[in-house]
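Chain letters run A, B, ... following the sequence lines, proteins first and then strands; every chain starts at 1. Every heavy atom of this structure was used, including side-chain atoms; hydrogens, water molecules and symmetry mates were not.
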Amino acid sequence: TSAQRNRSNAQGKPRNPTLKNEDLKEMLESNKESLKLEAMKRIVGLIAKGKNASELFPAVVKNVASKNIELKKLVYVYLVRYAEEQQDLALLSISTFQRALKDPNQLIRASALRVLSSIRVPIIVPIMMLAIKEAATDLSPYVRKTAAHAIQKLYSLDPDQKEHLIEVIEKLLKDKSTLVAGSVVMAFEEVCPDRIDLIHKNYRKLCNLLVDVEEWGQVVIIHMLTRYARTQFVSPWREEGGIERTIYSFYDSEEERKVEQTRPYIMDPDHRLLLRNTKPLLQSRNTAVVMAVSQLYWHLAPKHELSIITKSLVRLLRSHREVQYVVLQNIATMSIQRKGMFEPFMKSFYVRSTDATHIKTLKLEILTNLANEANISTILREFQTYVKSQDKAFAAATIQAIGRCATNISEVTDTCLNGLVLLLSNRDETVVAESVVVIKKLLQTQPSQHSDIIKHMAKLFDNITVPMARASILWLMGEYCEHVPKIAPDVLRKMAKTFTNEEDIVKLQIVNLAAKLYLTNSKQTKLLTQYILNLGKYDQNYDIRDRTRFIRQLIVPNEKSGALSKYARRILMAPKPAPVLQSAFKDRDRFQLGTLSHTLNSQASGYLELSDWPAVAPDQSVRNVEVVEPVRLPCIFILFYFLKIMLKIESESEENSDDSNKSSSSQSEKSSSESDSEKKKKTLKNKKLQQQKPDSKDRLLLIIMTKYILIHIVLSISTQFFVNCMCSLLHLCVFLACQFDAVSWHVHVSLQASSPVFVPETSHELLHRMTGKGLSAQYRFTRQPCIYGNSMVSLQLTLSNSSDQALENIHISEKSSTGQNIHRFNAIERLEPQASVTVSMGVDFNDSTQAANFQLCTKEDEFSVSIQPAVGELLLPITMSEADFTKEQGKLMGMNESSATITMKPENVSSQSVNRKVVSVANIGVIPSSQENIYRFAGKTVSSGSLVLVSVALKDPDAVITINTEKTVIGSMLLRQFKTALTNSGP
Amino acid sequence: MIHSLFLVNASGDIFLEKHWKSVVSRSVCDYFFEALERATEPENVPPVIPTPHHFLINVLRHRIYFVAVIQSEVPPLFVIEFLHRVVDTFQDYFGVCSEAAIKDNVVVVYELLEEMLDNGFPLATESNILKELIKPPTILRTVVNTITGSTNVGEQLPTGQLSVVPWRRTGVKYTNNEAYFDVVEEIDAIIDKSGSTITAEIQGVIDACVKLTGMPDLTLSFMNPRLLDDVSFHPCVRFKRWEAERILSFIPPDGNFRLLSYHVSSQNLVAIPVYVKHNISFREGSSQGRFELTLGPKQTMGKAVESVLVSSQLPRGVLNANLSPSQGTYTFDPVTKLLSWDVGKINPQKLPSLKGSVSLQTGASKPDENPTINIQFKIQQLAISGLKVNRLDMYGEKYKPFKGIKYMTKAGKFQVRT
């Protein structure tokens, strides 16, 4: 059939493929780029159809070094496809890739490595190895990501390279880029999943990076960390511990047991970290991520925390059919062990007539698992509808499910049995047959009370044609022939007539029935039995012949039969245990949830077993990482040096500031190819761009910009002379980036600064243009941590020239009238008429609202100006947990606490407006609160870093504002401002 | 992870193949064709099929099977989710994801697949990044390219690939800055014979079309965020802000995207906007059956119920239907036994009805089950859960964008058992 399929695909194409190849060859060898491209496009079309285009290899490979990027990419596609077949010719292209590996453009470097590592030619293994090692230390994280992918390719080509590759993996695991993390963990899983020791040091980093890793990487990391956690932490499941303990107590001495019992379980903080950091991912749009987190919780979380995954799993049922299938399978396994988890969502598993059959059966399975005394009547009512379904296979499955419910819940056994008996008069054969089979199983549990059912079935016997059902009825007759002494021989009589026309399975049961009747009622059935045994003796099927021979020897006493026939009755009429109706998902829990093996219920190759919890936790300290020294002295100098140069160049390039800067600045982020000096300049333009938007509230943009600036500094020095400082500088960068970053990078600072919740746009007048002889100045608080000093408040100054001549050399004079430490902006050499410029500066207000006075100078004049900070601007927001907040608040009672009761306007009572008003008055962070009507905020003073904790408790219509801080002056001033803000209406 | 991909059309032909590792012969698909033959409906093909050396994971979208070949253990949802992402990308690029569109753009498809997977592991799946690497084909661009010989392939690494906002490209510019949000809610319900609700729930999504210059930072808040019981976000939404304040704060991707999908908490009673009165009966021995349906509005908050479409799978014994609708048109397919009635808008003064008789095959016995009725409808300008957007603000850019929010309620899987 596949040949036919090929042929049907070939319709509408030229009949002679060789001629076509000649054409293509000609096109590839022409001088015209467009012809070559056209030829390559056709070739790719051939490959896509599964046609063989390997003949063209020499002509194609010539174009590997083409300048046209699309042509080059298509050649790559071709090469990867056919290199394995044409190894010698493929070698011709290698030098091109080796050259491209050194290209300044990171995209070209990466794609060269991708293709080089995809060429499955064993001879180039050493070249690949070298390229991977080099790329693993590349400055571009994108290239490093490609290197991580290449590791797996090389490993599958030559497994002997394992040791070297593990070295590279070890190096890349230390990488802090979120881009690399997923890919390197993937390589780890493929190459050396047993080297758990490589993970220890990176465990916490991976947990903390997880939220920011791309979604596919998240899945891989979560699965790996699940395996890791099962080897490193002790079981949080106390119920199991309880059972073990009782076993211990049997053998152990009294004292030991006491020790055992008094030691409560404490979760390893690293274990908790993993659970905490994966939880937000349950909200991911990617179903694979949600499933991965769910299985992590299933395998690692304490049982009482499991319920949080339920909702997310049920949500996935809204997704595509295929997703539903996999999720339902996992829910089926879970619901066997923990009914409670899904019981509230029972109705989500109700079957719709439009569901695909495999979805229907899975839902049925789950509903059956969820059945208990309380909900069984609802479930059975639902099942009644299913039994009537047009999809008969599904109806049959429902009958089996009813049977399972009946055996599991004894209260409803009778109801179910009666319902099933009613189904016996159904018109559909499959339904009847399935009912008979299920009834047979049910009757085995309590036969004595149900002789009328057996009689009823005997009556129906003539109308039933499904062999399995007929066989079941016959078996029931035989087994309980004492309950139906009159009917059974009659059935046997009928069967003797039709014996030859029955199916094999029915024939076996006829023989069986005959034997049993012979033993219990030989008077009536002796002749019949002999007749049937004779028929069986000459049957075509050897199973039936064998059975007949065996039965004859067993029941009919003759001289040859030994002791066995004495026991015939005991053998045949032995009480038989009732079959247990079990879920098909009973044994699936041996596989990790969410895996392919679980879905198939058989071990797939490459499946990694989930180990049992260790009895005693391995050493926890292996995961400790030396705390990164956040700032190293020489680095500060280097950084300041560059900041200084930056600001200088910035003022130089001021004149030619126009729109073109904007576009070039976005360019500079992309490329790492420009010369260093140019890069520096562009970096500065970046910086400026950021400052040109004085009322930009976009803090994320700011974060990105700042990161880029820092990274660019690193790049520029590294290629010059401070190579050895680079490492420490990187640490600094990360540290600084974290200061700005809202995303949780783990940094070892006690009070973790967070980004401001709200940045007001209002500017304050510093110098009016009338007093300033044309120079006007406005300032504004950016609410960001100041880059000039940790104790400074960051300010943005907008200077504009409204006079008709250019102003020169605008700067702040060196002498300051008050004692504040001011970081001045670099002198502005020239400000054109009607132009304005934004600069930033820092002032250390020393946690007081005392105004900072200084002189703003131009070439000709000096103007005295002063900046009066609002008390709310002397703070920086911090984040902490609610528990920490209350703990800290407890330490700051008594005279450190100031509070006031105010009457709120009704329009201010909503959480939003309270939050908005508080954060607009003061630069503090919002603490998530679990209580309604209590809002908490935290900040620290900029200079001394003292905590400032604010809580607003609403008690309709009143509100109590409480401020706890060591700085009582700041506390009382803040309180006054909050009072006015919250009592006033309006925004 | 993903070894190869085969695209199979409705008639069972492989029309595209792509391999990321060594080539897997297309004969591996024979196992898939076997399963396809066994399945009674196209949807009934099991999504995961084991073969002696490989595993086939397939999804069915737009009447095309995307069959991925796997060699070793991998989370099946990982593959399924990726395949759906591939389909979404094709749809985004070509407008439709059909066999013809894929065959016409086979080079772009190949280039896309090449970028989306490296060695079987997803590399770039974010539509904004892909569009910078490979520009979507337009008629104008095709013409220009053939004349000038320029290409659709970008030469630089997209900025998104390295930034913390990979979903947004830099340097976006529009003359009209617009942000539109559609709040679409679907009601899933099963109504039993007597008209009482067995189960009903509301699922909603907020789809956005954002065309804004630069790097805007948007916040969207709701009047009643408590309604949202369970939510899943586009990666751009700041989770912590949602946790703390129930405000959606995000830097939007450029173009169309799904911002949020949510589930309305089950404590709230679900308003059922339509009711069905039905009288479908078959008599034993007679070859005729009665069929009567009447639709009416119920709890619609004063809004009109539009685009109503009723469909029902009649029992196998039904030969033909002879019905007369009071409005709209109906069709009955004697082969698939599918009855569908395109009602249109429900006029509360004059309720639409479909009455008549159905004829059974002679000698066929009375069907033991009455058919299930599936209903589709739309209600404009209403989110049935009562969810309301409070405000939408933009920070980070100076211009004033044009903002719009639209509400709509649709029937999801809305079934009436008779």
Exercise. Distance-only, no hydrogens or angles: does the Asn44(B) side chain make a donor-acceptor pair with backbone N or O of Thr357(A) under 3.5 Å?
Worked result: yes
Exercise. Would you say the side-chain atoms of Thr146(A) and Arg114(A) include a donor-acceptor pair closer than 3.5 Å?
Worked result: no
For this session: Examine distances only and state if a side-chain atom of Glu397(B) and a backbone atom of Met215(B) form a donor-acceptor pair shorter than 3.5 Å.
Result: yes
Exercise. What residue among Glu114(B), Glu111(B), Glu115(B) forms side-chain contact (heavy atoms from CB on, under 4.5 Å) with Leu133(B)?
Worked result: Glu115(B)
Exercise. For the side chain of Gln329(A) and the backbone of Thr599(A), is there at least one donor-acceptor N/O pair under 3.5 Å apart?
Worked result: yes
Exercise. Within the side chain of Tyr395(B), is there an N or O that forms a donor-acceptor pair under 3.5 Å with the backbone of Thr219(B)?
Worked result: no
Problem set entry | Test item: side-chain donor near acceptor, Ser25(B) and Ser27(B), under 3.5 Å | yes
Problem set entry | Atom group of Asn390(B) that falls short of 4.5 Å from chain A, counting heavy atoms | side chain
Seminar exercise, completed: Counting heavy-atom pairs under 4.5 angstrom with chain B, the leader among Glu215(A), Glu382(A), Arg321(A), Arg42(A) is Arg321(A)
For this session: Quick one: sort the Phe257(B) and His234(B) rings into parallel, tilted or perpendicular, breaks at 30° and 60°.
Result: perpendicular
For this session: Sort Ile373(B) into side chain, backbone, both or neither according to what part of it lies under 4.5 angstrom from a heavy atom of chain A.
Result: neither
For this session: For the pair Asn330(A) (side chain) and Gly594(A) (backbone), establish whether a donor and an acceptor sit closer than 3.5 Å, ignoring hydrogens and angles.
Result: yes
Exercise. Ignoring hydrogens and geometry, is there a side-chain-to-backbone donor-acceptor pair from Glu73(B) to Leu596(A) under 3.5 Å?
Worked result: yes
For this session: Kindly say whether Ser353(A) contributes a backbone atom to a donor-acceptor pair with the side chain of Gln415(B) at under 3.5 angstrom?
Result: yes
Problem set entry | Interchain contact, Glu243(B) with chain A, by part (heavy-atom threshold 4.5 Å) | neither
Exercise. Between His598(A) and chain B, which part of the residue has a heavy atom less than 4.5 Å away: side chain, backbone, both or neither?
Worked result: neither
Exercise. Just checking, any donor-acceptor pair under 3.5 angstrom between side chains of Thr199(B) and Lys347(A)?
Worked result: no
Seminar exercise, completed: Okay, Val80(A) and chain B: the region with an atom under 4.5 Å from a heavy atom over there is neither
Exercise. Which of the residues Ser605(A), Ala604(A), Ala356(A) is involved in the greatest number of heavy-atom pairs with chain B at under 4.5 angstrom?
Worked result: Ser605(A)
Exercise. For Ser22(B), is it the side chain, the backbone, both, or neither that has a heavy atom closer than 4.5 Å to a heavy atom of chain A?
Worked result: both
Problem set entry | Part of Trp20(B) within contact of chain A (heavy atom distance under 4.5 Å) | backbone
Seminar exercise, completed: Applying a strict 4.5 Å limit to non-hydrogen atoms, the region of Leu16(B) in contact with chain A is both
Exercise. Could you go step by step and tell me if Cys236(B) and Ile251(B) meet the side-chain contact (heavy atoms from CB on, under 4.5 Å) rule?
Worked result: CA-CA 6 Å; Cys236(B) 69; Ile251(B) 294 178; 5.7 Å; no
For this session: Select, from Pro371(B), Pro122(B), Ser221(B), Ala200(B), the one with the greatest count of heavy-atom pairs under 4.5 Å involving chain A.
Result: Pro122(B)
Exercise. Relative to chain B, which segment of Val387(A) carries a heavy atom at a distance below 4.5 Å: side chain, backbone, both, or neither?
Worked result: neither
Seminar exercise, completed: Assert top hit (heavy-atom pairs under 4.5 Å, partner chain B, pool Leu74(A), Val44(A), Thr595(A)) equals Thr595(A)
Seminar exercise, completed: Applying a strict 4.5 Å limit to non-hydrogen atoms, the region of Phe233(B) in contact with chain A is both
Exercise. Of the backbone (N, CA, C, O) and the side chain (C-beta and beyond), which part of Ile102(B) lies under 4.5 Å from a heavy atom of chain A, both, or neither?
Worked result: neither
For this session: Select one option (side chain, backbone, both, neither) describing which atoms of Arg246(B) are under 4.5 Å from chain A's heavy atoms.
Result: neither
For this session: Among His19(B), Lys193(B), Glu186(B), single out the residue with the greatest number of heavy-atom pairs under 4.5 Å to chain A.
Result: Glu186(B)
Exercise. Is chain A contacted by the side chain of Ile198(B), its backbone, both, or neither, given a heavy-atom distance below 4.5 Å?
Worked result: both
Exercise. Where does Tyr325(A) contact chain B at under 4.5 Å (heavy atoms): side chain, backbone, both or neither?
Worked result: side chain
Exercise. Non-hydrogen atoms of chain B under 4.5 Å away: do they reach the side chain of Val220(A), the backbone, both or neither?
Worked result: side chain
Exercise. Is it the backbone or the side chain of Ile57(B) that comes under 4.5 Å from a heavy atom of chain A, or both, or neither?
Worked result: side chain
Seminar exercise, completed: Residue from Lys311(A), His149(A), Arg352(A) scoring the most non-hydrogen pairs under 4.5 Å with chain B is Arg352(A)
Problem set entry | chain A interface, residue from Leu7(B), Val106(B), Ile247(B), Leu60(B) that has the most non-hydrogen pairs under 4.5 Å | Leu60(B)
For this session: To the nearest 0.5 angstrom, please state how far the OG atom of Ser72(B) sits from the CD atom of Glu190(A).
Result: 6.0 Å
Exercise. Does any heavy atom of chain B fall under 4.5 Å from the side chain of Val431(A), the backbone, both, or neither of them?
Worked result: neither
For this session: Using a cut-off of under 4.5 Å on heavy-atom pairs, state which of Tyr262(B), Trp242(B), Phe82(B) scores highest against chain A.
Result: Phe82(B)
Problem set entry | Any donor-acceptor pair under 3.5 Å from Gln283(A) side chain to Val231(B) backbone | yes
Exercise. Is it the backbone or the side chain of Asn915(A) that comes under 4.5 Å from a heavy atom of chain B, or both, or neither?
Worked result: side chain
Exercise. Can you check whether Gly217(A)'s main-chain N or O pairs, donor with acceptor, with Glu214(A)'s side chain at less than 3.5 Å?
Worked result: yes
Exercise. With a 4.5 angstrom heavy-atom cut-off, which part of Arg258(B) approaches chain A: side chain, backbone, both or neither?
Worked result: neither
Exercise. Checking heavy atoms, do the side chain of Val45(B), its backbone, both or neither come under 4.5 Å from chain A?
Worked result: backbone
Seminar exercise, completed: Counting heavy-atom pairs under 4.5 angstrom with chain B, the leader among Asn286(A), Val323(A), Asp391(A) is Asn286(A)
Problem set entry | Verdict with reasoning, Phe33(B) to Val8(B), per side-chain contact (heavy atoms from CB on, under 4.5 Å) | CA-CA 10 Å; Phe33(B) 294 127; Val8(B) 180; 3.7 Å; yes
Problem set entry | Region of Phe78(B) that comes under 4.5 Å of a non-hydrogen atom in chain A | both
Problem set entry | Short side-chain donor-acceptor distance under 3.5 Å, Glu322(A) and His84(B) | yes
Seminar exercise, completed: Ranked by heavy-atom pairs below 4.5 Å to chain A, first place among Glu245(B), Arg417(B), Glu201(B) goes to Arg417(B)
Exercise. Among Arg381(A), Gln603(A), Arg318(A), Met186(A), who wins on heavy-atom pairs under 4.5 Å with chain B?
Worked result: Arg318(A)
Exercise. Picking from Ile80(B), Val23(B), Asp118(B), Ile49(B), which has the most non-hydrogen pairs under 4.5 angstrom with chain A?
Worked result: Asp118(B)
For this session: Could you tell me whether a side-chain N or O of Asp188(B) sits under 3.5 Å from a main-chain N or O of Lys413(B), the two making a donor and an acceptor?
Result: yes
Seminar exercise, completed: Honestly, the part of Thr378(A) sitting under 4.5 Å from a heavy atom of chain B is neither
